[in-house]
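One structure is given here, and the rest of the page talks about it.
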Amino acid sequence: MTDFLATAYRTHAAGSLRAADAGNPVSVAGWVHRRRDLGGIVFLDLRDREGIVQVSFDPSWTPAEVLAEARRLGAEDVVRVDGTVFPRIHGQLNEALETGEIEVRATGLEVLTRAEPLPIQVDYAADEELPGEDLRLRYRYLDLRRPGLLRNFVIRHRAAQAARAYLSQQGFLEVETPLLTRPTPEGARDFLVPSRMHPGEFYALPQSPQIYKQLLMVSGFDRYFQIAKCLRDEDLRADRQPEFTQIDAEMAFVDEDDVFRVAEGLMAAIFREVAGVELETPFPQITFAESMARYGTDKPDLRYGVEIVDVTEVLQDADFRIFQGVRGTEQRIRGLRVPGGARLSRRELDELQEVAKRGGAAGALWVKRGDDGALAGQFAKGVDEGRANAFYEATGLAAGDLFAAVVGHFRGANEGGGVEVDGALDELRRHLARKLDLVDTTRHAWLWVTEFPVFDWDAEHERLVYAHNPFSMPEDGAVQAVLDATREGTPGAEAARALYAMGLRSRAYDAVYNGNELASGSVRIHLPAVQQAVFTALGMDPDEVRAKFGFLLEAYRYGAPPHAGFAFGFDRLVMLLAGAGSLRDVVAFPKTTSARALFEEAPTAIADAQLRDVHVQVRAPGA
RNA sequence: GGGGGCGUAGCUUAGCGGCUCAAAGCGCCGGACUGUCUCUCCGGAGAUCGCGGGUUCGAAUCCCGCCGCUCUCGCCA
């Protein structure tokens, strides 16, 4: 299967040898993974990209000088071995190795290069701790020799190839877009590149190919895709790198359903190719508003079913002061029925306070129903029998269940602009599902979240900000509302708030997988007047728009087709496919959380002459 | 920018109510061993305890500062 790896140095890949090769003379080449010297005979575990095979040196088939040389081998020496494939005798198979049914009986050995003792090992026992990540990044080329890590890059490659094959077959053209571009006016910080030829001017590295792909639609390319590098100069996390990769695509003459069909097909192809999993398509769809109401987040994990229940009407008159405080306000009492949650210990229930606070609530309120069906817990005393029955009816709370509630303002019912606590229920939901093992890890729970808001409200600056993407087309009715509101220029604080309160929706969507936002996209604005109006609503005056987006609006004047697209976070997708815990495990040469490259030591100070070339003078921090 | 955690032989860790505490496993070096596969057995080398300062008769251990890594909030689609 890997005969194509046959070269001047070898006839086979060592790791691809199988029982069917028995009897064949072979040459293999690779690294000394491990050596077992029993005195008279020597075993060698030889490793190459395809795996590990045992080589045996024995006086009955190995010349004495070859055996002597084998005894001098050290870990990670690079060697070439000539020999013959033999089946292992009964009782000596190694089920841990894919090559475990055979071994190579060596007749020749050539040391290609010697390895000095390594600063970090390649071979680890199952229970052995890996070295610190900083060391492994410093010696990344050694860490990448670990079969477990190498495997992630095989997965990554196959995912990329599956994406290319599928999209090509669907009529998409792969087009590269510039890395040296102009700064992005909104969103994340840009990485900047000084221009030598134009003193004082700078390029920016692209945060995404967004504008370019829309221009390609104007050009009539019809369908575009690219596996694109995106760069953002923001603080890092375990699942965030300063440079990352997207599967970026855009289509002309389409609506949401056309995009969803392609994106679903793309994911199905990747999961089929890489994981052997048949995804169920089409993916379910829910609106942003519904997702917030049912799960408290715009990226719900649907591998378990716990949903938010509003119990305001049932409980606001209970004999419990916190509940009574909601009457006559916009506050609501909402919570989660957690099956089997009654078995949590007092200490575990106390933890819920912190969990809820993380989500912005003042705390969590809980009751549980014991095996005898009786209600116990924080607000149990305030709930008389009649009210309890209404409560059970509303929530489905059964014996053995827990109900965890939060009181406060919720999105969609918050005209007064109070602090929203939807996130607290999201935190509680995820925390309790994990704690009680409610997550069905065999499921692949994809969904589309649609109809994101056009605007969010920036309370601090009393202005509108875009919720999803400033290029997303508002829904039919919302287009007119935006045009009306911006006829006289940017609306004032009062009018802006009113516009926000209308709850306008856009034709923007996310693809969510097991609680991870993996893709984002929208039907784009292709009408210059509408795009202009959205920019105006966001507070840009006409001159500013002209300076920042003039080329896009100009392009739209000459016949832009309706278009829509998406971008999948490729690194994150591969991370999930590979079961890796960190993005750094699926990026060949990642940066640390302080955005350093430990192996090549970037970033680095630059000599004055080189700075002079690009007309840049370094200013000390704070100066 | 804020907060938490970590930093002891090449690697992973123990030691951290201060004064025989610098220890173990892996790796490395030397020796023995003819069927191992985390080979086994015997012996050995290897550490200015992240850096700088302070407290103390005495600091890996206590205090302050800095650096690095990491998690996280802000930020980020």
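What you are looking at is a predicted structure, and each value in this text was computed from that prediction instead of being measured. Just so it is clear: chains get the letters A, B, ... in the order the sequence lines come, proteins before strands, and each one is counted from 1.
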Looking only at side-chain atoms of R596(A), point me to the closest of A77(B), G68(B), C33(B). G68(B)
Selection from U70(B), U12(B), C75(B) that lies nearest to any side-chain heavy atom of D235(A): C75(B)
Distance between the P atoms of G15(B) and A77(B), in whole angstroms? 44 Å
Roughly how many Å is it from CG in D190(A) to P in C75(B), rounded to a whole number? 18 Å
Could you tell me whether R36(A) contacts a base, only the sugar-phosphate backbone, or nothing, with contacts defined as non-hydrogen atoms closer than 4.0 Å? base
Which value, in whole Å, describes the distance between the C1' atoms of nucleotides C57(B) and G18(B)? 12 Å
Is it the case that R105(A) places NZ or CZ above or below the six-membered ring of F86(A), under 6.0 angstrom from the centre and within 45 degrees of the axis? yes
For C6(B), the Watson-Crick or wobble partner whose two distances fall under 3.5 Å: G68(B)
R524(A)/E250(A) salt bridge by N-O under 4.0 Å criterion: yes
In this structure, is the centre-to-centre distance between the rings of F452(A) and F288(A) below 6.0 Å? yes
Would you indicate which nucleotide in C37(B), A77(B), G35(B) comes nearest to any side-chain atom of D45(A)? C37(B)
Any donor-acceptor N or O pair under 3.5 Å, side chains Q226(A), T177(A): yes
Picking from A77(B), C26(B), C75(B), the nucleotide nearest the side-chain atoms of E234(A) would be C75(B)
Nucleotide of A77(B), C71(B), C33(B) approaching R71(A) most closely (side-chain heavy atoms): C33(B)
L73(A) has an atom CG; how far is it from atom P of C28(B), in whole Å? 12 Å
Could you check whether D248(A) and Y224(A), counting side-chain N and O atoms only, form a donor-acceptor pair closer than 3.5 Å? yes
Whole-Å distance separating the CD atom of E129(A) from the P atom of U8(B): 14 Å
Is it the case that more than 12 heavy atoms not belonging to E101(A) sit under 6.0 Å from its CD atom? no
Rounded to whole angstroms, how far apart are CZ on F471(A) and C1' on A77(B)? 13 Å
Nearest-nucleotide wise, let me know which of Q54(A) and E128(A) is further upstream toward the 5' end of RNA chain B. E128(A)
Gap between atoms CG and C1', on L38(A) and U40(B) respectively (whole Å): 8 Å
When rounded to whole Å, the NE2 to P distance for the pair H468(A) and C76(B) reads 15 Å
Answer with base, sugar-phosphate or nothing: what part of the nucleic acid does R237(A) contact at a heavy-atom distance below 4.0 Å? base
Taking CD in E601(A) as the centre, count heavy atoms belonging to other residues, nucleotides or ligands within less than 6.0 Å. Is the count above 12? no
Reckon R240(A) touches a base, only the sugar-phosphate, or nothing at all at heavy-atom distances under 4.0 Å? base
Any side-chain N or O of Q121(A) under 4.0 Å from OP1/OP2 of C26(B)? no
Kindly point out which of A77(B), G35(B), U36(B) is positioned nearest to the side chain of R88(A)? U36(B)
Think S56(A) has a side-chain N or O under 4.0 angstrom from the OP1 or OP2 of G35(B)? no
Determine the Euclidean distance between corresponding C1' atoms of U13(B) and C6(B); express it in Å to zero decimal places. 13 Å
Look at all strands and tell whether S594(A) reaches a base, only sugar-phosphate, or nothing, counting heavy atoms closer than 4.0 Å. sugar-phosphate
Check every strand shown and say whether L236(A) touches a base, only sugar-phosphate, or nothing at a heavy-atom separation below 4.0 Å. nothing
Nearest-Å distance for atom pair CZ/P, residues R146(A) and C11(B): 16 Å
For E116(A), answer base if it contacts any base atom (sugar-phosphate contacts may also be present), sugar-phosphate if it contacts only those atoms, and nothing otherwise; contact means non-hydrogen atoms under 4.0 Å. nothing
What nucleotide, of C26(B), C75(B), C69(B), holds the atom closest to the side chain of R189(A)? C75(B)
Can you tell me, in whole Å, how much space there is between the P of A14(B) and that of C62(B)? 14 Å
Work out how far the P atom of G52(B) is from that of A59(B), and round it to whole angstrom. 15 Å
Tell me whether Y203(A) at atom OH has more than 12 heavy atoms from other residues, nucleotides or ligands lying less than 6.0 Å away. no
R105(A) atom CZ is separated from U36(B) atom P, nearest whole Å, by 14 Å
Identify whether any heavy atom of D58(A) sits under 4.0 Å from a base atom; if not, whether one sits that close to sugar-phosphate; answer base, sugar-phosphate or nothing. base
Examine the side chains of T181(A) and Y212(A) and answer whether a donor and an acceptor come within less than 3.5 Å of each other. yes
Distance between P atoms of U61(B) and A9(B) (Å, rounded): 14 Å
Sorted by position of nearest nucleotide on RNA chain B, 5' first, the leading residue of I120(A) and N94(A) is I120(A)
Across the strands shown, which category fits T592(A) at heavy-atom distances under 4.0 angstrom: base, sugar-phosphate, nothing? sugar-phosphate
Rounding to the closest angstrom, what is the interatomic distance between G74(B) and G2(B) at atom C1'? 8 Å
As its Watson-Crick or G-U partner within any shown strand, both distances under 3.5 Å, A23(B) has U13(B)
Under 4.0 Å, counting only non-hydrogen atoms across every strand here, what does A188(A) touch: a base, just sugar-phosphate, or nothing? sugar-phosphate
When all nucleic acid strands are considered with a 4.0 Å heavy-atom cut-off, which category describes L97(A): base, sugar-phosphate, or nothing? nothing
Select base, sugar-phosphate, or nothing to describe what A519(A) touches, counting heavy atoms under 4.0 Å on all strands. nothing
Side chain of R584(A) only, heavy atoms from C-beta on: which candidate in G35(B), U70(B), G1(B) is closest? U70(B)
Of the listed nucleotides (A77(B), C37(B), U34(B)), which one gets closest to any side-chain atom of Q92(A)? C37(B)
Mind checking the C1' distance from G27(B) to U12(B)? Whole angstroms is fine. 11 Å
Counting only Watson-Crick pairs (N1-N3 plus N6-O4 or O6-N4) and G-U wobbles (N1-O2, O6-N3), all under 3.5 Å, who is the partner of G43(B)? C29(B)
Testing A77(B), G35(B), G27(B) for proximity to the side chain of I41(A), the answer is G35(B)
